[in-house]
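Source: prediction; values computed, not measured. Chain naming here is simple, since letters A, B, ... match the order of the sequence lines and numbering starts at 1 in each.
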Amino acid sequence: MCQEFFGFEGNIIDASNWESLYDTAQAQLDADKWSEQVLEQSGIEAVFLTNDFDDSLQGFDTNVYIPCLRTDDLVFHLANQEVRNRLEAATNTSLDSITDLRNAVAALFTHFKTNNAKACAISLPPSFSPSKISDAQATTALEQILAQGTEAEASHIAAMASWMFWTITQQCETHQLPFDLMIGVNRQVYPNGVFQGQDLYDSRVSLIQYQELLNAFPTVTFPISVLASVTNQELASYAWIFPNVVTHGHWWYSNTPTFIEHDTAARLEAVPQTKQIGYYSDMYKLEFALPKFRMYKRILSKVLAERYVIDRNWSEQRAIEFGSKILRGNVESVFDV
Amino acid sequence: MCQEFFGFEGNIIDASNWESLYDTAQAQLDADKWSEQVLEQSGIEAVFLTNDFDDSLQGFDTNVYIPCLRTDDLVFHLANQEVRNRLEAATNTSLDSITDLRNAVAALFTHFKTNNAKACAISLPPSFSPSKISDAQATTALEQILAQGTEAEASHIAAMASWMFWTITQQCETHQLPFDLMIGVNRQVYPNGVFQGQDLYDSRVSLIQYQELLNAFPTVTFPISVLASVTNQELASYAWIFPNVVTHGHWWYSNTPTFIEHDTAARLEAVPQTKQIGYYSDMYKLEFALPKFRMYKRILSKVLAERYVIDRNWSEQRAIEFGSKILRGNVESVFDV
Amino acid sequence: MCQEFFGFEGNIIDASNWESLYDTAQAQLDADKWSEQVLEQSGIEAVFLTNDFDDSLQGFDTNVYIPCLRTDDLVFHLANQEVRNRLEAATNTSLDSITDLRNAVAALFTHFKTNNAKACAISLPPSFSPSKISDAQATTALEQILAQGTEAEASHIAAMASWMFWTITQQCETHQLPFDLMIGVNRQVYPNGVFQGQDLYDSRVSLIQYQELLNAFPTVTFPISVLASVTNQELASYAWIFPNVVTHGHWWYSNTPTFIEHDTAARLEAVPQTKQIGYYSDMYKLEFALPKFRMYKRILSKVLAERYVIDRNWSEQRAIEFGSKILRGNVESVFDV
């Protein structure tokens with residue numbers, strides 16, 4: 001990244017050179033149209049965002065920065081008064097009943113769809129196992145949450161989360177939006193860590209927890225990513241068996257090619273070609289895309305060369321077409337862009 | 001398979017050639033002695049079956065199609081009236097007591113042993129953890145099941161399953177039959193799937209669940225296969241520690257060489273040479289054996305070449321002998337053929 | 001080992017040569033200063049022991065055989081009268097209260113620190129999840145254990161274990177000793193096995209079980225090893241997020257290079273350079289170090305050559321420095337030797 005964008009000529013950043021690198025980088029970042037230049041230099045046509053549910057989605061080109069509705073707060077933090085206030089404000093609704101809630105969620109989807117949203121997204125803790133909750137049970141849960149907030153009993157908070165997750169999935173069905181699931185994250189395991197350096201995961205998770213959901217919504221596409229490499233085989237198997245599951249490339253560590261190479265090779269072999277998206281990554285900064293995708297493309301090329309062109313005697317052309325589908329074609333068809 | 005058996009000359013089956021391939025294949029399948037020809041061309045001397053417990057085992061050469069007693073129905077579906085009817089009919093017994101049940105199971109084993117059976121087999125859900133159940137508890141469970149069938153309480157159905165599994169293992173002990181365990185399958189996760197396209201597995205399983213069983217039956221050989229690659233290391237360790245455990249080569253995906261290569265290499269290194277059977281696979285169709293075994297033999301050759309001949313400086317002869325033992329010699333000694 | 005130490009010239013030990021090898025080895029083992037010769041020939045300057053808590057630590061050079069306090073008995077077997085007797089004898093204390101126990105543990109640490117101890121160590125079953133226990137709860141648990149020994153209720157024995165583990169960690173904090181955790185072992189799964197051939201592990205373990213501990217003791221360094229390869233990714237992630245976690249190289253099978261190679265490559269990529277110790281192994285016999293470390297060094301060289309010098313265009317010098325840090329430099333800094 002530093003070599004490409006900031007003219008860095010060394011191999012290691014250390015005490016001897018970080019200051020000059022910092023100055024050069026800062027000058028570039030301050031330049032006019034820097035973000036456009038990064039996009040162009042990186043070969044990026046568009047970026048998928050994950051927007052807070054109350055984002056106005058105004059002030060940027062939604063064909064370049066494509067909105068996606070992030071629903072973590074709605075599902076897991078509705079007991080928090082501030083979240084309910086934000087939802088009321090965003091939808092101009094008073095949240096007194098399950099019907100109000102359902103209407104508010106529908107309003108969010110309409111707002112996002114109107115602004116070119118291409119997906120709904122959520123990250124899920126390893127213990128989460130979605131199931132359909134009756135409106136009667138949800139009504140009781142909502143009453144308790146309205147009365148006691150985050151002090152409500154854990155069972156009510158869990159029931160509300162399940163109901164909300166199911167309701168959101170119904171909206172994905174109505175609006176034909178794919179629902180991105182990132183399964184397995186534990187938040188704030190190390191609360192003293194830096195921002196985005198506090199979370200971990202639990203490798204003891206199984207996609208059997210999603211059996212009821214995947215069967216209940218056959219017309220919703222679920223691009224699924226898992227945090228732990230050990231869950232990769234289950235994910236590949238589920239994508240093979242369930243028509244509505246797509247493997248979504250994401251790994252906890254973008255800097256661990258060993259896991260990515262192993263998991264990518266297994267997916268190429270096990271998952272139907274049209275049902276896998278090779279790679280996506282939390283970019284955090286626009287400049288991260290270029291090195292991250294180069295890393296992935298290097299790994300993908302290695303796997304295709306070794307396991308397909310050499311081992312299986314494929315033509316290079318056929319391998320490249322496979323790679324293009326994984327990297328780009330499937331993104332276009334799954335997310336309708 | 002299509003190239004070898006049906007004269008297919010292309011590399012990809014698509015809209016342009018599937019019809020002529022279909023016609024050619026159908027003509028071959030209709031030919032006289034086609035199955036004998038497939039066996040000969042595939043280099044197959046015999047095939048291990050998994051037969052329903054009420055199979056008459058008549059009408060085929062049991063030296064070529066070797067019977068094995070499949071016990072899933074007995075262990076997991078005895079609450080089903082139809083299964084009990086089949087068991088009564090097959091053994092000419094009325095199932096009114098635990099003693100009747102035990103005698104019926106013994107009769108099945110005698111029938112199978114008389115017809116050249118070489119193994120007993122079962123597939124097990126990830127939650128199953130066998131333990132010894134007293135006859136008193138089993139009597140209560142049987143009474144409930146006879147009265148209420150599949151509506152009996154889950155605890156009674158589970159107790160019956162444990163008792164039946166233990167009783168079957170005792171028969172394996174008496175008749176010196178290996179008991180094939182395929183551990184980890186979840187049935188009908190996607191009920192709308194095609195036949196044999198509905199099952200999945202749960203990678204959260206541990207062989208510690210089989211501790212009591214493996215210790216209780218030291219003279220029964222247990223060839224064990226696991227569905228998830230992540231359980232492979234545990235299986236290799238158990239085969240190293242327990243004298244009566246043999247690793248049985250089977251993978252959920254026969255089309256995922258990445259997993260098979262990794263797991264095969266680890267087993268070659270970790271498991272005593274006489275205690276691993278390299279590969280078996282649900283064939284479904286006789287024609288599948290040739291491509292499936294070729295795939296495995298290619299992987300095995302690669303592992304032996306890279307990790308033994310090159311890395312460890314073994315002679316090619318020694319590596320080939322190792323491979324032959326894994327592929328064939330151990331099958332003969334474990335299953336007494 | 002036999003080639004290096006006992007002049008063995010073949011490649012395979014079998015019926016034709018084991019007796020002469022045995023005789024040669026025995027003659028060597030009986031020779032004067034054999035252990036010094038093994039150390040020298042193996043290039044070993046010092047060995048980390050794991051000593052029983054009541055070891056006198058006398059009669060050997062603690063700069064060559066470095067003491068470490070093994071605490072399994074204290075945490076998991078305090079209900080055993082013999083263990084309490086040993087603790088009373090070693091610390092010259094009567095164990096009547098929590099305060100007595102705390103003082104006894106403190107006395108052990110002083111004894112070990114005075115004798116050049118460089119670490120505290122323990123192996124932990126997969127179910128263990130340490131948490132802080134109040135002195136009041138611990139007092140009740142101790143009373144029950146003093147009255148009923150190993151017949152005390154499981155909940156009291158578990159509370160005592162948690163309290164003792166926490167108390168030991170507090171002593172590590174006071175004495176600035178690293179606390180080696182070996183996570184996941186199940187003892188005596190196959191009770192009829194030979195000595196050190198009875199234990200196994202459960203791959204269903206997560207480091208989330210150690211969240212409270214790792215947050216509560218930020219100044220204690222925890223070198224952590226896990227038994228199952230499938231837990232390796234979690235360990236690497238925890239070492240990345242938590243400043244006080246170091247990955248400690250140990251694998252259940254020292255004879256399974258496939259796992260070690262995969263796990264080593266992933267750690268090199270994912271864990272900060274100063275926070276990983278490449279390899280340690282239960283030596284059991286002094287002669288085992290040479291072949292075990294050669295195996296590891298071969299694997300490490302392969303990973304560095306393929307993944308760093310070739311894939312990442314590192315200079316050989318830089319790769320060698322990385323390897324040296326993993327193998328030796330970090331041992332010196334983490335254990336203060």
Side-chain angles (χ1 to χ4, degrees), chain B residues 126-127 129 184 202-218 226 228-245 258-273 303 306-308 310-315 317-318 321-322, chain C residues 3 10-14 125-127 184-206 226-234 250-263 265-266 291 294-303 305-306:
Chain B
S127 59
S129 185
D202 188 326
S203 53
R204 297 168 308 174
V205 65
S206 171
L207 295 179
I208 194 74
Q209 299 166 211
Y210 292 84
Q211 173 183 8
E212 184 184 347
L213 178 81
L214 300 176
N215 279 297
F217 294 98
V226 289
S229 177
V230 300
T231 318
N232 184 59
Q233 192 190 5
E234 269 201 45
L235 176 55
S237 299
Y238 273 72
W240 183 48
I241 294 288
F242 278 96
N244 53 342
V245 172
T258 293
F259 287 127
I260 299 176
E261 184 180 324
H262 181 268
D263 293 352
T264 296
R267 287 184 192 178
L268 292 187
E269 294 170 346
V271 179
Q273 286 203 13
V303 172
E306 290 178 355
R307 297 200 165 262
Y308 287 83
I310 295 172
D311 284 359
R312 288 171 172 82
N313 207 26
W314 278 30
S315 69
Q317 184 56 33
R318 189 176 168 197
E321 283 167 11
F322 191 7
Chain C
Q3 288 167 338
N11 283 310
I12 303 176
I13 300 170
D14 57 22
S127 59
V185 68
N186 279 321
R187 298 290 179 191
Q188 295 198 289
V189 174
Y190 176 55
N192 291 325
V194 296
F195 179 61
Q196 287 163 340
Q198 305 175 9
D199 303 337
L200 280 154
Y201 52 89
D202 188 327
S203 52
R204 297 168 306 175
V205 64
S206 171
V226 289
L227 295 199
S229 177
V230 300
T231 318
N232 185 60
Q233 192 191 4
E234 268 202 44
H250 176 79
W251 286 268
W252 182 255
Y253 280 121
S254 59
N255 59 337
T256 314
T258 293
F259 287 127
I260 300 176
E261 184 180 325
H262 181 269
D263 293 353
R294 281 204 183 158
M295 176 209 63
Y296 181 71
K297 283 188 278 191
R298 238 180 342 244
I299 291 170
L300 182 59
S301 306
K302 186 180 178 188
V303 171
E306 291 178 355

Any chance you could measure E234(B), atom CD, to S203(C), atom OG, to the nearest 0.5 Å? 3.5 Å
I'd like to check L200(C) versus F242(B) (side-chain heavy atoms, cut-off strictly below 4.5 Å). Are they in contact? yes
Going by the rule salt bridge (Lys or Arg N to Asp or Glu O under 4.0 Å), which residues pair with R312(B) if we only count those two or more places apart in sequence or in a different chain? E269(B)
Sort out for me which of T231(B), N215(B), V230(B) touches chain C most, counting heavy-atom pairs under 4.5 Å. N215(B)
Which region of V205(B), side chain (C-beta onward) or backbone (N, CA, C, O), has a non-hydrogen atom less than 4.5 Å from a non-hydrogen atom of chain C, or is it both or neither? backbone
In terms of the angle between their ring planes, are F259(C) and H262(B) parallel, tilted or perpendicular, with boundaries placed at 30° and 60°? perpendicular
With a 4.5 Å limit on heavy-atom distance, are the side chains of R307(B) and E261(C) in contact? yes
Looking at chain B, which one of N11(C), I12(C), V194(C) has the largest number of heavy-atom pairs inside 4.5 Å, strictly under? I12(C)
Side-chain heavy atoms of V189(C) within contact of I241(B), under 4.5 Å: no
Which atoms of Q188(C) approach chain B - backbone, side chain, both or neither, heavy atom under 4.5 Å: backbone
Would the distance check show the side chain of D202(C) and the main-chain N or O of L207(B) forming a donor-acceptor pair, the cut-off being under 3.5 Å? no
dist D311(B):CG -> K302(C):NZ (nearest 0.5 Å) comes out at 4.5 Å
Could you check which of E212(B), R318(B), Q211(B) has the highest count of heavy-atom pairs closer than 4.5 Å to chain C? Q211(B)
Under a 4.5 Å heavy-atom cut-off, does chain B meet the side chain of P126(C), its backbone, both or neither? neither
For the OG atom of S237(B) and the CG atom of L227(C), what is their distance to the nearest 0.5 Å? 9.0 Å
When rounded to the nearest 0.5 angstrom, what distance separates OH in Y238(B) from OH in Y201(C)? 8.5 Å
Which portion of N313(B) sits near chain C, non-hydrogen atoms under 4.5 angstrom: neither
